[in-house]
Amino acid sequence: MTLDFLGTLQRTHLCGDLRSTHSGETITLMGWVNRRRDHGNLIFLDLRDRSGITQVVLDKEVSPDAHAKAEAARPEYVIAVTGVLRKRGEGLVNPNMPTGEVELVAHSLLLLNDAKTPPFSPAEDAIGNEEVRLKYRYIDLRRTEMQHNFALRSRVAMAIRNYLVSQGFLEIETPFMTRSTPEGARDYLVPSRVHPGHFYALPQSPQIFKQILMVSGFDRYFQIARCFRDEDLRADRQPEFTQIDLEISFPQMSTIFAVAEGFLRAAFSAAGIDLGTEPFIQMTYDQAITRYGIDKPDMRLPAIVDLSATLTPELRDTLKIDPTLPVLGFTIPSVGELSGTARKALLSEIRAFFGDSGLDLLDLTRLRTNETFAPLAEAISAKLSQELQAFHQASHNQQPTTNNPASDLAVVITPKPGTPALWNYDPQWIYKRVGALRLDLAKKFADKHKLFDQTHTAADFKFLWVTDFPMYEWNEETKTWDAAHHPFTSPHEEDIQSGALVNDKGSVRALAYDIVLNGTELGSGSIRIHRKDVQSEIFRSLGMTDEEAKARFGFFLDALEYGTPPHGGIALGLDRIVMILAGAQSLREVIAFPKTAKAIDLMVDAPTTVSDQQLRELSLRTVTRS
RNA sequence: GGGGACGUAGCUCAGUUGGUUAGAGCGCUGCCCUGUCACGGCAGAGGUCGCGGGUUCGAGCCCCGUCGUCCCCGCCA
C-alpha cells in the first residue's frame, strides 16, 4: 500500500460540526478512522477528529479509486476525504450521534498515514489497564473522554486567567531553578555543573517569590504555576502539579476570599455550572474538627453530633462509658434496613476500625429493646435526626431519598473508661477517629445514600472555607513545635500581643485558611508576616537560632526590612479543580502525561540512569545503598 | 517505610481438588457482502500463564522470593 501526499489540500470543516444545514456543500475532512464497516461495494468509515465523528460513505460506483483506498484503510489510519455532504434518507438517520442526520459521500480519499494495530482502541470506552493507557498515552488521549477533560481544563484555566486579569492581577513568572528550603516537603534537586557540589531546587511553590513581588510593589500577582514535591503519590497527588497562585497587598482575609470565590465562579461557569452569588460557608478549624472530625469537611454528608448531654453520670456508669470524654454520633442517610447478619458484620467492622484505641460502638438497636435504656436511645435518635433535618435543609436537598428514619444508619461512638484524653498529644484525636469512620462508612454506602452522585448542577459542589488554623503543631518525634502552615504565616494579632507566641504555642491561631470542596482540599493560603521583628520572632519560636534563620532565609529577612506592605494570598490546585469538574477519580485523568504511584513516567520511561560522562560534568557519583 | 488488591492471547476476563493439547468475547489476518453505524457471514493466526526458585511423577493453580500497576496509612511546612 502506498501513502498519499497531502499536497495543497486543506480541510474545510471539523467532523463533529456537520449538520443537515451543510448538505450539498463540497467538504474536505481530515482525521482518524474510528471504525470501518465494509459491505463489499459499499464501505462506511467513521471519521474522527477532536470535534467528533462523521460517517463517510464510499460507493464503488461513485469513486472506484476512493473506494479502493477505503478498503485498505484500518482503524487509526489518518485520511483526508473530499466529497459532498448528503442528508441521510428516511430510516438511515442515527439518532445516537450529533452528526447522525448527514453523511459525507466521498469523491476522493487520501491515505495520509497508516497505523499499527493499537493495543487498545480509542473508539471503545475506557479500558481498565492503566499501565497500558499510560505507556500508549498518545492513543489514550484520543479517547473522547480524555479530549473532553483537556478541553475542559483549557477552558477553566482561561476563565481563571481572564477573571484575575480583570481584577487587576499581573501574571508574573518565577524561577523553576531556585534554592532548596529543607522545611516541608522534600525538594527535587538539580545539580549545578558550574558549581560542583551545589544544587538548585525545583519550587514546592512560588511562596517566597510572590511575597517578594509584593515587596516590589506589584500589588496583585498571579501565576498558573507548576510546583514540585518529592513525596509519595496518591490518586489526588502528583509530584508535579499546577497551582493557581496569587498574592495581594493590603488585603483583609475577606479580600482574598472574594477573589478566590470570584475565579472559582468563573471557572465553574466555563464548565457550565452556575455557582450563584452566595458567599461560601466559613467555619473555624476547631469547629471543623468538632463537627466533622477533619480539617477538610465533606459538606455533602451530615455532621457529627455531640451526644454527651444525653448521658447522665449514672447512665455512663452502667453502660461503661468514660465519664469525661465526649460521646459522638452521626448519621449515614438512606442506608436501608440492615439484616441481622449485615448489622453484626458492620458492628465488628467498626470495632476493628477502632482497634484498641478505647473507642466503641454503642448498639442503638439493642439499647432500644431494653426498658431502662429505651429513653436514652430515643433521646439520641432525636438529636441525630434533628441534625439530619438541618443538614437536608442547609444543603437544599430535595426530599431525602427515603423518609423512613429507620433506613438512616445512626452510629454512636463511646469511649470506654480509661480511654486516654490525649493520643500523641492531640486532644482532638477522638473527633478525628470518628470523622474518619464517618467518611469510611459514607464511602461504603455511597450507592445507598447517593449523596456523592453527580447531577451536573451546582448542588454537586459543596464549598467551604476553614479558618483559624493552629499556628503550631507539636512534633512528638523531635519534641519541637513545628509551623502548621509555613513559617511566613501571620498569627492573629491578639495572639502576638498576648504573648502566647512564647507562653502557650498550642493556643496560637494563624491567619491561615483552606478552601475545601466536597472533602478535598483545593487550596490554602494565609495573611503573611510583613514585619521583620515578627518574622524573626516566629523563626525563634520554631526553635531556629537567628544565625540559622539568616543562613536559610537571609535574603527574605533582608527584603522585609525595605518597606514590606501587609500582604496575603492563596494557592489552589488547578488539577484538583478540573478533576472534580470532570467527575474523575484521579488526577491522572486530567494531567496529560502523569506519573505512576512510584513516580514513573511509563511513556518516556523516566527517571533513567545517566552516562558517566554526564555525572562527571556534574561532579556527581552514584552509590548503591544496601 | 507499612497494609491491601491485582498480574493468564493485543484488550477484557474464565480456568474446578494440582492431572490429556490453557479457553471465551472483543480485536487482528484472509475471503464474501450496496445501507451499516458495537454491521453481518465463513475461515484462520495469536500464549516464556509477570519474572526467578522450590515442593511434586506432574504446577496457571501450592510454597518462598522478586518486579510491576492500583488503593490506603505514614509522608505531603
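Just so we're on the same page: letters track the sequence lines, and every chain starts at 1.
Regarding A/Glu76, its CD atom lies at a distance of 14 Å from the C1' atom of B/C28, rounded to whole Å. Note: OH (A/Tyr136) to P (B/U69) measures 16 Å, nearest angstrom. Rounded to an integer number of Å, the gap from A/Glu131 CD to B/C71 P is 12 Å. The distance between atom CD1 of A/Ile43 and atom C1' of B/C37, rounded to the nearest whole Å, is 15 Å. A/Leu233 places its CG atom 15 Å from the C1' atom of B/G1, with the value rounded to the nearest Å. A/Lys116 places its NZ atom 14 Å from the P atom of B/U29, with the value rounded to the nearest Å. A/Lys595 places its NZ atom 17 Å from the P atom of B/G68, with the value rounded to the nearest Å. When the C1' atom of B/U69 is taken as reference, atom CE of A/Met603 falls 18 Å away, rounded to whole Å.
A search for side chain to side chain donor-acceptor pair (under 3.5 Å) contacts involving A/Ser51 returns A/Asp49, not counting sequence neighbours. Judged as a side chain to side chain donor-acceptor pair (under 3.5 Å), and not counting sequence neighbours, the contacts of A/Thr82 are A/Thr28.
Across all strands shown, B/C32 is found opposite B/G40 as a Watson-Crick or G-U wobble partner, with both distances under 3.5 Å. With both pairing distances under 3.5 Å, B/A9 is matched to nothing as a Watson-Crick or G-U wobble pair. Under the Watson-Crick and G-U wobble criteria, each requiring two contacts below 3.5 Å, nucleotide B/G58 is left unpaired. With a 3.5 Å ceiling on both atom-pair distances, the Watson-Crick or G-U wobble partner of B/C51 is B/G65. Judged by Watson-Crick or G-U wobble contacts below 3.5 Å, the nucleotide B/A14 has no partner. Judged by Watson-Crick or G-U wobble contacts below 3.5 Å, the nucleotide B/G27 has no partner.
If you check B/G10, B/C28, B/C75 against the side chain of A/Thr117, the one that comes closest is B/C28. Nearest to the side-chain atoms of A/Arg88 among the listed nucleotides B/C75, B/C70, B/G35 stands B/G35. Listed nucleotides: B/C70, B/C11, B/U69. Nearest to the side chain of A/Val132: B/C11. Across B/U69, B/U12, B/C75, the shortest atom-to-atom separation from the side chain of A/Asn129 is found for B/U12. Of all nucleotides listed (B/U69, B/G35, B/C37), B/U69 comes nearest to the side chain of A/Leu602. Of the listed nucleotides (B/C11, B/C76, B/G35), B/C76 has the atom at the smallest distance from the side chain of A/Arg229. Side-chain proximity of A/Arg234 to the nucleotides B/G10, B/C71, B/C75 is greatest for B/C75. Set against B/U29, B/C75, B/C70, the side chain of A/Arg74 has B/U29 as its closest nucleotide.
Between A/Arg540 and A/Gln535 the shortest side-chain heavy-atom distance does not fall below 4.5 Å.
The aromatic ring of A/Phe44 is stacked on the base of B/U36, with the two ring centres less than 5.5 Å apart and the planes inclined by under 30°.
For the residue pair A/Gln147/A/Arg48, the side-chain donor-acceptor check at 3.5 Å is not satisfied. If you check the side chains of A/Gln207 and A/Gln211, you find a donor sitting under 3.5 Å from an acceptor.
Sorted by first then second residue, the ring pair (Phe, Tyr, Trp, His ring centres under 6.0 Å) pairs that include residues 31-62 of chain A, not counting sequence neighbours, are A/His39-A/Phe44. Residue pairs meeting the ring pair (Phe, Tyr, Trp, His ring centres under 6.0 Å) criterion with at least one partner in residues 89-109 of chain A, sequence neighbours excluded, are absent.
Nucleotides B/U20 and B/C73, compared at atom P, are 45 Å apart to the nearest Å. Separation of the C1' atoms belonging to B/C32 and B/C70 is 45 Å when rounded to the nearest angstrom. Across B/C61 and B/C49, the matching P atoms stand 10 Å from one another, rounded to whole Å. Separation of the P atoms belonging to B/G10 and B/C6 is 22 Å when rounded to the nearest angstrom. Between B/G23 and B/G19, the two P atoms lie 14 Å apart (nearest whole Å). Remark: the separation of the P atoms in B/C71 and B/G60 is 32 Å, to the nearest Å. Using atom P as the reference point in both B/C67 and B/G47, the two lie 28 Å apart (nearest Å). For the C1' atom pair drawn from B/C11 and B/G30, the interatomic distance equals 22 Å after rounding to whole Å.
Taking the six-membered ring for Trp and the full ring otherwise, the centers of A/Tyr200 and A/Phe176 sit at least 6.0 Å from each other. You'll find the ring centres of A/His567 and A/His530 outside the 6.0 Å limit. A/Phe209 and A/Tyr221 have their aromatic ring centers separated by at least 6.0 angstrom. Between A/Phe469 and A/Tyr513, a ring centre-to-centre spacing not shorter than 6.0 Å is recorded.
A/Glu103 comes within contact range of at least one nucleobase, with a heavy-atom separation under 4.0 Å. The residue A/Arg86 sits close to a base: some heavy atom pair falls under 4.0 Å. Residue A/Asn41 is classed as a base contact, given a heavy-atom separation below 4.0 Å to a base. Residue-level contact check: A/Glu130 touches the backbone only, with heavy atoms under 4.0 Å from sugar-phosphate atoms and none from bases. Backbone-only engagement by A/Pro119 is indicated by non-hydrogen atom pairs under 4.0 Å involving sugar-phosphate atoms exclusively.
For the side chain to side chain contact (heavy atoms under 4.5 Å, CB included) with A/Arg36, the lone residue among A/Asp46, A/Ile43, A/Leu58 that qualifies is A/Ile43.
Side-chain nitrogen and oxygen atoms of A/Ser121 include none within less than 4.0 Å of the OP1 or OP2 phosphate oxygen of B/G27. Side-chain N/O atoms of A/Arg133 include none lying less than 4.0 angstrom from OP1 or OP2 on B/C70.
Take the nearest nucleotide of RNA chain B for A/Glu61 and for A/Pro75: the residue whose nucleotide is more 5' is A/Pro75. Comparing A/Arg186 and A/Lys443, the nucleotide of RNA chain B nearest to each residue sits closer to the 5' end for A/Lys443.
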Taking protein heavy atoms under 4.0 Å as touching, what does nucleotides 39-51 of chain B look like 5' to 3' if B marks base contact, S marks sugar-phosphate-only contact and - marks none? B------------
Counting primed atoms, P, OP1 and OP2 as sugar-phosphate and everything else as base, the B/S/- map of nucleotides 3-9 of chain B against protein heavy atoms under 4.0 Å is -------
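Using bins of under 30°, 30° to 60° and over 60° for the plane-to-plane angle, the ring pair A/Tyr138/A/Tyr136 lands in the perpendicular bin.
Counting distance only, with no hydrogens placed and no angle test, the side-chain atoms of A/Glu90 and the base atoms of B/G35 include no donor-acceptor pair under 3.5 Å. The base of B/C75 sits with one of its N or O atoms less than 3.5 Å from a complementary donor or acceptor on the side chain of A/Arg237.
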